[in-house]
Amino acid sequence: MTVSTEPEALLSHLQNADGSATFSYAGYTVVGAVNGPIEVQRRDELPEEAAVDVIVRPAAGVGGTRERHLESLIQSTLRQIILVNNFPRTLIQIILQVTTAPENEYVNAKVVQGSSNLSILPALLQTAVLSLLSAALPLTATLTSTSLAVIADGQSKRIILNPSPREIETSESFHVFSFTSNDELILVESEGSFTMKEWDDAFATAQRQCCQPATTNDGDTLMDDGGSAGVNLKQFTRSIVEEKIASDLHWK
């Protein structure tokens with residue numbers, strides 16, 4: 001499998017959904033579908049806002065505790081940007097189907113299965129946001145996400161964007177950051193052992209990719225570009241929506 005070095009997306013390609021998107025990046029491909037606002041069961045009804053239901057389906061097998069954890073993180077994040085107060089007593093359903101994941105790699109002759117639950121979280125969030133935009137649901141902002149691993153390199157540390165399963169397995173810490181289109185941090189999840197200096201450097205690196213380029217002072221932690229640092233995810237999201245609008249209005 002060839003890992004995509006540039007993000008790719010397709011909007012509104014599912015006929016039976018209010019909104020849909022397929023997003024591919026860093027070895028992951030996720031198909032998303034959004035329906036809503038729709039009728040909600042009375043036991044799930046909220047009197048003053050819409051209920052948000054997120055379903056994550058793995059590439060193979062049935063979902064388990066890993067998927068439930070991801071669903072909880074995605075739901076709490078999306079509720080912060082969806083104008084749920086505009087649709088009381090309704091349901092907004094988001095289904096995310098993983099179709100492709102990075103190939104397993106070997107560390108010390110053992111297959112790395114991807115020990116972290118968080119590695120796929122950026123792709124799931126990005127797909128969910130693009131699906132919501134496709135469904136024309138009102139949002140306070142869009143968001144972009146990225147993952148980073150901090151790996152020991154002699155006496156110093158280096159940061160790798162969108163690390164592979166092997167790099168995650170050998171890293172000292174792994175981080176996922178999400179920023180709104182207003183450049184505000186909306187989600188951060190971290191695993192492993194790290195200092196506040198390493199976390200600050202990881203935050204600055206993630207901010208450079210998800211937000212507008214900013215000048216930061218690098219310390220002992222170095223960034224391993226790997227060809228990914230130049231990807232402006234914020235601009236990518238905007239360009240995908242612009243292309244979709246231009247395509248829809250082409251007949252005029």
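Closest approach of P163 to F174, counting heavy atoms only: CG-CE1, 3.5 Å. In plain terms, the two heavy atoms of A149 and E167 that are nearest each other are CB-O, 4.5 Å. Taking all atoms of both residues into account, the shortest heavy-atom contact from P7 to F236 is O-CE1, 3.4 Å. For the pair P37 and T90, the tightest heavy-atom approach, listed with the atom from each and the gap, is CB-OG1, 3.6 Å. The shortest heavy-atom contact between L148 and A206 is CD1-CB, 3.7 Å. In terms of heavy-atom proximity, L233 sits nearest to T146 at CD1-CB, 4.5 Å.
Both I92 and I81 belong to a common hydrophobic cluster when Ile, Leu, Val, Met, Phe, Trp and Tyr are linked at side-chain heavy-atom distances under 4.5 angstrom. Criterion: ILVMFWY side-chain heavy atoms under 4.5 Å apart, direct or through other members. Under it, V54 and L14 are not part of a common hydrophobic cluster. Hydrophobic clustering keeps L10 apart from Y25 (ILVMFWY residues linked when any side-chain heavy atoms are closer than 4.5 Å, directly or through intermediates). Linking ILVMFWY side-chain heavy atoms closer than 4.5 Å, directly or via other members, places L133 and V52 in a single hydrophobic cluster. Connection of L124 to V62 is not established within any shared hydrophobic cluster, with ILVMFWY side chains joined at heavy-atom distances below 4.5 Å, either directly or through further cluster members.
A distance of 5.5 Å separates CD1 in I38 from CD in Q93, rounded to the nearest 0.5 Å. With rounding to the nearest 0.5 Å, the separation of CD1 in I55 from CG in L70 is 14.0 Å. Distance check, rounded to the nearest 0.5 Å: CD of E198 to CD1 of I159 gives 8.5 Å. Note: S247 OG to L249 CG = 9.0 Å, rounded to the nearest 0.5 Å. Atom CD of Q235 and atom CD1 of I240 lie 10.5 Å apart (nearest 0.5 Å). Rounding to the nearest 0.5 Å gives a distance of 9.5 Å between OG of S178 and CG of L78.
Taking a 6.0 Å sphere around CG of N85, one finds it holds more than 12 heavy atoms contributed by other residues, nucleotides or ligands. Counting non-hydrogen atoms of neighbouring residues, nucleotides and ligands closer than 6.0 angstrom, the CZ atom of R57 reaches no more than 12 such neighbours. Within 6.0 Å of CZ in R42 there are 12 or fewer heavy atoms belonging to other residues, nucleotides or ligands.
For E67, there are no salt bridge (charged side-chain N to carboxylate O under 4.0 Å, His left out) partners at least two apart in sequence or on another chain.
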* Asked: Between T140 and L83, is a side-chain contact (heavy atoms from CB on, under 4.5 Å) present by the stated rule, with each step listed?
  -> CA-CA 7 Å; T140 59; L83 293 176; 3.2 Å; yes
* Does the side-chain contact (heavy atoms from CB on, under 4.5 Å) test come out yes or no for K157 and F194, once each step is laid out? -> CA-CA 10 Å; K157 306 289 179 66; F194 52 90; over 6 Å; no
* Asked: Is there a salt bridge (charged side-chain N to carboxylate O under 4.0 Å, His left out) between E169 and R166 once you walk through the steps?
  -> CA-CA 5 Å; E169 182 73 15; R166 176 190 176 92; over 6 Å; no
* Verdict with supporting geometry, Q209 and N162, side-chain contact (heavy atoms from CB on, under 4.5 Å) -> CA-CA 11 Å; Q209 187 181 40; N162 305 305; 3.9 Å; yes
* With side-chain contact (heavy atoms from CB on, under 4.5 Å) as the test, would you mind laying out the steps for Q126 and V30 before giving the verdict? => CA-CA 9 Å; Q126 199 68 40; V30 182; over 6 Å; no
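Not one N or O on the side chain of E45 forms a donor-acceptor pair closer than 3.5 Å with the backbone of V40. Remark: the backbone N or O of I168 is paired with a side-chain donor or acceptor of S171 at under 3.5 angstrom. For S76 (side chain) and S72 (main-chain N/O), a donor-acceptor pair under 3.5 Å exists by modelled atom type. Of the possible donor and acceptor atoms, none in the side chain of N35 sits under 3.5 Å from a partner among the backbone N and O of A17. Panel note: side chain T29, backbone T99; no donor-acceptor pair is recorded below 3.5 Å.
Exactly one residue among L139, T77, V129 makes a side chain to side chain contact (heavy atoms under 4.5 Å, CB included) with I82. That residue is L139.
Ring geometry for F203 versus F179: interplanar angle of 30 to 60°, hence tilted.
Side-chain contact annotation: S20 with S134, donor-acceptor N/O pair under 3.5 Å absent.
With a 4.5 Å cut-off on side-chain heavy atoms, W199 and S173 do not count as touching. L187 is listed as a side-chain neighbour of L125, based on a closest heavy-atom distance under 4.5 Å. Between I74 and L96, some side-chain heavy-atom pair lies under the 4.5 Å cut-off. A 4.5 Å side-chain heavy-atom check between S190 and H175 finds at least one atom pair inside the cut-off. In this structure, Q207 and F177 have side chains that are not in contact, with every pair of non-hydrogen atoms separated by 4.5 Å or more. Side-chain contact between P47 and R89 is present, with heavy atoms from C-beta onward closer than 4.5 Å. A heavy-atom distance below 4.5 Å is found between the side chains of S147 and P122. Looking at K244 and L130, their side chains never come closer than 4.5 Å, going by heavy atoms from C-beta outward.
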